[in-house]
Amino acid sequence: MSHFSEQIQIWYHNNRRDLPWRETKNPYHIWLSEVILQQTRVQQGIDYYNKFVHAFEDIKTLSNASEQEVLNLWQGLGYYSRGRNLHKAAKMVVHEFQNQFPRIFDDIRKLPGVGNYTAAAIASFAYNLPHAVVDGNVYRVLSRYFNADEFIDTPQGQKYYQALADELLDRQNPANHNQAIMELGALVCTPKIPNCQNCPLGDTCEAKSKKTWSELPRKKGKIKVRARQLNYFVSINKQNVLLQKRGEKDIWANMFEFPLVEGDEIDSQILKNVRFLKTLNHKLTHQNLTVNFYAVDNVDEISINHSAEWISLDALKDYPLPRVIERFLAEEYELISR
DNA sequence: AAGACGGGGTT
DNA sequence: AACCCAGTCTT
């Protein structure tokens, strides 16, 4: 075993957090946790993990749920294609893998929503197979330990770090090794101010001795944010609210919203028949949304779309809503959607 | 190779 | 306001 792997595993043994999915080898639970944790902080994911485990006892149960039920439980977590793919993958496990979660990397990797990271995580954590995980934590630890300036957000760079991770992997204890390197990245080798004093790798880390840690890892970067204006027309009474389902593309696919007109120009005929309520600013990674809400007092006077349906307020909790819609309903009408 | 896809915490 | 989080999929 390499010095690197030995040190991080000793450290992990003494410093690991107790997390719900670390108590199990159940591939369903491991898979669920890994999908939830994609681009998501551990703290944010814990409640969702517990909700899903409780709601869907096994993969068969999950596969028999509706997509809407799954999205409803996913509500508020973001990146909703994860929820839709989770559901699709459950059906695939049941129908194409004979309700037997796949046991080798290549088969696990075939499930929708499971990429190289997640397949390696499941293969190692559930079956102790020798596949090295490379996530955001690992990029940070490796780029600093080797003072590597390869970009982490290009295909070449990713191949480079995957090869590095593969070499370093303790093939006798891949599960423990993988957990250790990620935990080190999460707790010690942090993005801004890493805690190098308490790092088990000490001075064998090149970025520490060369004092380059603040520059690593390197990204090509450049995300551009576009501004977008959403105008929602709210029809609501004592019993019902008018909602429509969003499409397959775009943000919030297959989730529900009020009748929508997008853009900064609203038909004057429409404006005559509505009452401005409020504006909420909602930031996504690639979009800054200005969301205007208008009350429609006389629904017959206005026609915005034809696919909207009246939903009873009691059933509202069964409809997956974007955060900003949920927030509006809570603030304006004290309606809780779940 | 680049863009799309959420929501929230940290600095 | 910028950056990042147990990334993946589409174009």
Side-chain angles (χ1 to χ4, degrees), chain A residues 16-17 19-22 30-49 71 74-86 88-89 108-125 131-141 151-159 161-162 165 175 178-187 189-194 214 217-226 228 246-255 280-289 320-327:
Chain A
R16 69 191 289 272
R17 293 169 290 180
L19 301 172
W21 45 86
R22 281 183 174 164
I30 305 279
W31 165 54
L32 174 64
S33 72
E34 291 303 337
V35 174
I36 286 175
L37 292 173
Q38 288 166 7
Q39 292 292 284
T40 302
R41 290 172 194 274
V42 164
Q43 199 51 45
Q44 191 187 1
I46 290 178
D47 289 347
Y48 285 86
Y49 172 82
L71 279 180
W74 204 272
Q75 176 175 318
L77 193 55
Y79 283 163
Y80 297 96
S81 66
R82 289 182 295 169
R84 298 194 295 143
N85 282 331
L86 189 80
K88 274 189 215 165
I108 299 170
R109 182 68 178 75
K110 289 174 184 159
L111 300 173
V114 175
N116 287 334
Y117 163 75
T118 303
I122 298 170
S124 63
F125 299 155
H131 296 276
V133 295
V134 180
D135 72 337
N137 293 306
V138 176
Y139 282 128
R140 201 162 49 246
V141 170
F151 293 117
I152 65 169
D153 56 350
T154 66
Q156 296 102 310
Q158 287 160 1
K159 274 184 70 176
Y161 290 104
Q162 181 70 58
N178 279 338
Q179 291 282 11
I181 189 170
M182 286 196 290
E183 193 81 331
L184 186 73
L187 300 183
C189 197
T190 51
K192 300 292 183 185
I193 316 282
S214 66
R218 289 182 68 204
K219 293 180 82 169
K220 253 180 131 175
K222 76 169 195 267
I223 57 161
K224 48 180 191 287
V225 180
R226 74 164 160 141
R228 211 170 157 185
R246 289 182 61 84
E248 288 278 355
K249 296 292 183 187
D250 212 349
I251 55 175
W252 307 326
N254 292 2
M255 298 176 76
L280 294 178
N281 293 303
H282 191 74
K283 293 167 102 67
L284 307 180
T285 302
H286 294 270
Q287 302 180 20
N288 280 345
L289 305 178
L321 308 172
R323 205 66 157 126
V324 69
I325 301 281
E326 184 188 16
R327 191 146 60 94

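When reading the values below, keep in mind they use all heavy atoms of this one structure, side chains included, and skip hydrogens, waters and symmetry mates. To find a chain, count down the sequence lines: A is the first, B the second, and so on, and within it residues start at 1.
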Touch class at under 4.0 angstrom, heavy-atom based, for A:Thr285 against every strand present: base
Taking the side chain of A:Arg22 as its heavy atoms from C-beta onward, which of B:dG6, C:dA6, C:dC4 lies nearest to it? C:dA6
In whole angstroms, how far is the P atom of B:dG7 from the CD1 atom of A:Ile325? 10 Å
Phosphate-side-chain proximity, A:His282 and B:dG7, N/O vs OP1/OP2 below 4.0 Å: yes
Between A:Pro217 and A:Leu111, just flag the one whose closest nucleotide in DNA chain C comes earlier from the 5' side. A:Pro217
N-O pairing of A:Asp135 and A:Arg140 below 4.0 Å: no
Atom CZ of A:Arg228 and atom P of B:dC5: how far apart are they, to the nearest Å? 7 Å
Starting from P on C:dC5, measure out to OH on A:Tyr49 and report it in whole angstrom. 23 Å
Assign each of A:Arg226 and A:Pro155 to its nearest nucleotide of DNA chain B by heavy atoms, then name whichever residue's nucleotide is nearer the 5' end. A:Pro155
Check every atom of C:dC4, B:dC5, C:dC3 against the side chain of A:Lys192 and return the nucleotide holding the closest atom. C:dC3
Pair A:Arg327-A:Leu280, side chain to side chain contact (heavy atoms under 4.5 Å, CB included): steps then yes or no: CA-CA 9 Å; A:Arg327 191 146 60 94; A:Leu280 294 178; 4.0 Å; yes
How many Å lie between CD on A:Glu326 and C1' on B:dG6, as a whole number? 13 Å
Minimum-distance nucleotide to A:Asp250 side chain [options: B:dG8, C:dA6, B:dC5]: B:dC5
Measure from the side-chain N and O atoms of A:Arg226 to the backbone N and O of A:His286, and report whether any donor-acceptor pair falls under 3.5 Å. no
Hey, does A:Pro322 have a side-chain heavy atom less than 4.5 Å from the side chain of A:Ile325? yes
Just the rounded figure in Å: distance from P of C:dG7 to CZ of A:Arg109. 15 Å
From CG of A:Leu187 across to C1' of B:dT10 the rounded distance in Å is 15 Å
A:Lys249 vs C:dT11: side-chain N/O to OP1/OP2 distance below 4.0 Å: yes
Which part of the nucleic acid, if any, lies within reach of A:Asn178 when heavy atoms closer than 4.0 Å are counted: base, sugar-phosphate only, or nothing? nothing
Can you find a side chain N or O atom of A:Trp252 that sits less than 4.0 Å from OP1 or OP2 on B:dG7? yes
For A:Gln43, report the nucleic acid contact type (base, sugar-phosphate, nothing); a contact means any heavy atom under 4.0 Å. nothing
Any donor-acceptor pair, under 3.5 Å, between the side chain of A:Arg41 and the base of C:dC4, if you only look at N and O atoms? yes
Nucleotide C:dC4, atom P - distance to CD of A:Gln38 in whole Å: 19 Å
Would you indicate what A:Ile30 reaches in the nucleic acid, counting non-hydrogen atoms under 4.0 angstrom: base, sugar-phosphate, or nothing? nothing
Return no unless some side-chain N or O of A:Tyr80 is found under 4.0 Å from OP1 or OP2 of B:dG7. yes
Whole-Å P distance, C:dC9 and B:dG8: 24 Å
Residue whose nearest DNA chain C nucleotide is more 5′ - A:Val114 or A:Asn137: A:Asn137
Whichever of A:Ile193 and A:Leu289 has the more 5' nearest nucleotide on DNA chain B, that residue is A:Leu289
In whole angstrom, give me the gap between the P atoms of B:dG6 and C:dT11. 15 Å
Should A:Lys220 be listed as having a side-chain N or O under 4.0 Å from OP1 or OP2 of B:dA1? no
Is there, by distance only and without an angle test, a donor paired with an acceptor across the side chain of A:Thr40 and the base of B:dG6 below 3.5 Å? yes
Using distance alone, with no hydrogens and no angle criterion, decide if A:Gln38 and A:Arg82 have a side-chain donor and acceptor under 3.5 Å apart. no
Touch check for A:Thr118, heavy atoms < 4.0 angstrom, all strands: base, sugar-phosphate only, or nothing? sugar-phosphate
Give A:Arg140 one of three labels, base, sugar-phosphate or nothing, depending on what nucleic acid heavy atoms sit under 4.0 Å from its own. sugar-phosphate
Measuring from the side chain of A:Ile251 (C-beta onward, heavy atoms only), which nucleotide among C:dA1, C:dC4, B:dC5 has the closest atom? B:dC5
Check whether any side-chain nitrogen or oxygen of A:Gln156 sits under 4.0 Å from OP1 or OP2 of B:dA1, and answer yes or no. yes
If you measure from CG on A:Asn85 to OH on A:Tyr80, what distance do you get to the nearest 0.5 Å? 15.0 Å
Between A:Lys224 and B:dG3, does any side-chain N or O lie under 4.0 Å from OP1 or OP2? yes
A:Asp153 CG to B:dC5 C1', straight-line distance once rounded to whole Å: 16 Å
If the C1' atom of B:dG3 is compared with that of C:dA6, how far apart are they to the nearest Å? 23 Å
Using a cut-off of strictly less than 4.0 Å, decide whether A:Gln39 has a side-chain nitrogen or oxygen near OP1 or OP2 of C:dC5. no
Nearest 0.5 Å, what's the CH2-OG distance between A:Trp74 and A:Ser81? 9.0 Å
With heavy atoms under 4.0 Å as the rule, sort A:Gly115 into base, sugar-phosphate or nothing. sugar-phosphate
May I have the step-by-step check of side chain to side chain donor-acceptor pair (under 3.5 Å) for A:Asn254 and A:Arg246, ending in yes or no? CA-CA 5 Å; A:Asn254 292 2; A:Arg246 289 182 61 84; over 6 Å; no
